[in-house]
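This report refers to the structure that appears directly beneath it.
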Amino acid sequence: KGKRAFIAGVADDNGYGWAIAKSLAAAGAEILVGTWVPALKIFETSLRRGKFDESRVLPDGSLMEITKVYPLDAVFDNPEDVPEDIKTNKRYAGSSNWTVQEAAESVKHDFGSIDILVHSLANGPEVTKPLLETSRKGYLAAISASSYSYVSLLKHFLPIMNPGGSSISLTYIASERIIPGYGGGMSSAKAALESDTRVLAFEAGRKHKVRVNTISAGPLRSRAAKAIGFIDMMIDYSIANAPLQKELSAEEVGNTAAFLASPLASAITGALVYVDNGLNAMGVGV
Ligand code: NAD
């Protein structure tokens, strides 16, 4: 029987979430995605108008089908958490049931269960500011959108995940090495995400036989990465210095996610897997 995946954090065809969806679809999984509410309309319209058709092509020539797109804002756990200004914001008012709890309820109502949960989202409003210039509000917002969002997603989806299921998030080496430019508390948020991967692996493993891993990905020119402002430099740096001197493709991260979600990885949990052409292993630039 085919597996069903819910991938949170897909709003165009440039990011890791899209590539992971494709690799999972190529491996036979049914694809559900969670799309950030403010980006939902344009994503659905583009999908419907065929704007992504070229990037929907799978290795066998067929097109990836997204069975359903769910609106999602992963900084809100339930309707009581949503402040008035968001409720009445016209980018949100057109959609409903987009808090984490409601999204999980909707998926349960529509499909009953899932096998694979992917968290491919992050947001840090002050990401361009050095940590020393980051406000408390900006720091906490980065942690809320980029770290707690994962705790919340797993907490709410775990009850509908089949035993043997797998959960994956995306992290970045700025959590453990100094990457000037990855500011606003985003380096802190990734460190939290990585630590939580271990604790959640224990809790989800014992309670639901679900595996929890994170992929530390190399640089990709996604929408989110372009907003940080140093992505071209990071890509050039990696090509110049990594053991494998090639540009990283999103598909290479997608394929690793598909492996981690498969029975081939049945004993891997609580792990951080680098998919970065080996850059993490270097001690100096050469
Ligand atoms: P992306 O822009 O494709 O994905 C980020 C997504 O997060 C977007 O679709 C955005 O709409 C969504 N999002 C933001 N706030 C949200 C919220 N509150 N609720 C729901 N969705 C929200 O960019 P990406 O670079 O592919 O990012 C995916 C993951 O990969 C992130 O965790 C990112 O930190 C990680 N990552 C990226 C790189 C890179 O170089 N691009 C490197 C390592 C790790």
Side-chain angles (χ1 to χ4, degrees), residues 6-22 33-43 46 52 55 69-77 81-82 86 91-92 95 98-100 102-103 118-125 127 141-150 152-153 168-177 179 181-182 184-194 197 214-238 247-254 256-257 272-277 279-280:
F6 181 84
I7 302 149
V10 180
D12 60 42
D13 59 352
N14 293 318
Y16 283 132
W18 176 272
I20 291 169
K22 275 183 77 174
V33 305
T35 300
W36 196 29
V37 188
L40 180 72
K41 250 202 189 115
I42 175 137
F43 179 62
S46 305
F52 300 136
S55 7
V69 178
Y70 291 87
L72 177 71
D73 193 322
V75 305
F76 302 113
D77 300 316
D81 283 352
V82 183
I86 298 278
R91 291 158 92 195
Y92 283 78
S95 301
W98 41 257
T99 65
V100 176
E102 292 169 294
V118 178
H119 176 280
S120 182
L121 64 95
N123 199 11
V127 65
I143 296 276
S144 173
S146 313
S147 315
Y148 189 77
S149 59
Y150 185 51
S152 178
L153 263 184
I168 295 152
S169 66
L170 274 301
T171 188
Y172 185 49
I173 197 165
S175 59
E176 42 175 334
R177 301 273 184 264
I179 310 276
Y182 197 74
M186 279 305 300
S187 56
S188 331
K190 291 306 193 189
L193 182 71
E194 291 171 19
T197 298
T214 190
I215 295 173
S216 187
L220 173 76
R221 213 176 272 98
S222 65
R223 188 187 167 103
K226 279 191 271 187
I228 304 172
F230 68 173
I231 189 64
D232 291 319
M233 196 192 95
M234 297 316 284
I235 290 171
D236 292 346
Y237 182 89
S238 182
E247 188 158 341
L248 180 70
S249 78
E251 189 185 354
E252 294 175 295
V253 169
T256 304
L272 182 152
V273 179
Y274 294 101
V275 183
D276 66 348
N277 286 320
L279 184 63
N280 72 88

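Atoms within each ligand, like the ligands themselves, are counted from 1 in listed order. On a predicted model such as this, the values are computed, not experimentally measured, just so you know.
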For ligand 1, the portion of Ala145 having any non-hydrogen atom under 4.0 Å away: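 Neither; no heavy atom under 4.0 Å.
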Residues Phe52, Trp18; criterion ring-ring contact (aromatic ring centres under 6.0 Å, His included); working and verdict: CA-CA 10 Å; Phe52 300 136; Trp18 176 272; 5.4 Å; yes
Under a 4.0 angstrom heavy-atom cut-off, which atoms of ligand 1 come close to [X]?
X: Gly15; answer: 3 (O), 26 (O)
X: Pro219; answer: 40 (O)
X: Thr171; answer: 43 (C), 44 (C)
X: Gly218; answer: 40 (O), 42 (C)
X: Arg223; answer: 2 (O)
X: Ala122; answer: 7 (O), 14 (C), 31 (C), 32 (O), 34 (O)
X: Leu220; answer: 39 (C), 40 (O), 41 (N)
X: Ile231; answer: 40 (O)

For the residue pair [X] and [Y], establish whether any side-chain heavy-atom pair is separated by less than 4.5 Å.
X: Pro38; Y: Tyr92; value: yes
X: Phe43; Y: Val69; value: yes
X: Ile228; Y: Met234; value: no
X: Thr214; Y: Tyr150; value: no
X: Thr171; Y: Leu272; value: yes
X: Tyr70; Y: Leu40; value: no
X: Tyr274; Y: Ile215; value: no
X: Thr256; Y: Val273; value: yes

Exam field: side chain Asp12 to backbone Asn14, donor-acceptor pair closer than 3.5 Å: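 Side chain of Asp12 to backbone of Asn14, a donor-acceptor pair under 3.5 Å: yes, one is there.
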Any donor-acceptor pair under 3.5 Å from Ser147 side chain to Ser144 backbone: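 Between the backbone of Ser144 and the side chain of Ser147 there is no qualifying donor-acceptor contact (under 3.5 Å).
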Ligand 1 contact by Asn14, heavy-atom criterion under 4.0 angstrom: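 Not so, Asn14 does not reach ligand 1.
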Can you find an N or O of [X] that's nearer than 3.5 Å to an N or O of ligand 1?
X: Ala224; result: yes
X: Met186; result: no
X: Tyr172; result: no
X: Ala74; result: yes
X: Lys190; result: yes

What protein heavy atom sits nearest [atom], and how far away is it?
atom: atom 9 (O) of ligand 1; value: Ala11 CB, 3.4 Å
atom: atom 18 (N) of ligand 1; value: Asp73 OD1, 2.9 Å
atom: atom 30 (O) of ligand 1; value: Leu170 CB, 3.3 Å
atom: atom 21 (N) of ligand 1; value: Trp36 CB, 3.4 Å
atom: atom 26 (O) of ligand 1; value: Tyr16 N, 2.8 Å
atom: atom 7 (O) of ligand 1; value: Leu121 CB, 3.3 Å
atom: atom 23 (O) of ligand 1; value: Ser222 OG, 3.1 Å

Residues which pass salt bridge (Lys or Arg N to Asp or Glu O under 4.0 Å) with Arg221, listed by chain and number, not counting sequence neighbours: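 Checked Arg221 against salt bridge (Lys or Arg N to Asp or Glu O under 4.0 Å); matches are Asp232, Glu247.
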Residues forming a salt bridge (Lys or Arg N to Asp or Glu O under 4.0 Å) with Asp236, sequence neighbours excluded: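 Salt bridge (Lys or Arg N to Asp or Glu O under 4.0 Å) check on Asp236 returns nothing, list empty.
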Aromatic ring pairing Tyr182/Phe230, orientation class (parallel under 30°, perpendicular over 60°, tilted between):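 Plane angle under 30°, so parallel.
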Shortest heavy-atom approach to atom 4 (O) of ligand 1 - which of Ser120, Ala174, Gly17, Ala103: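 The nearest heavy atom belongs to Ser120.
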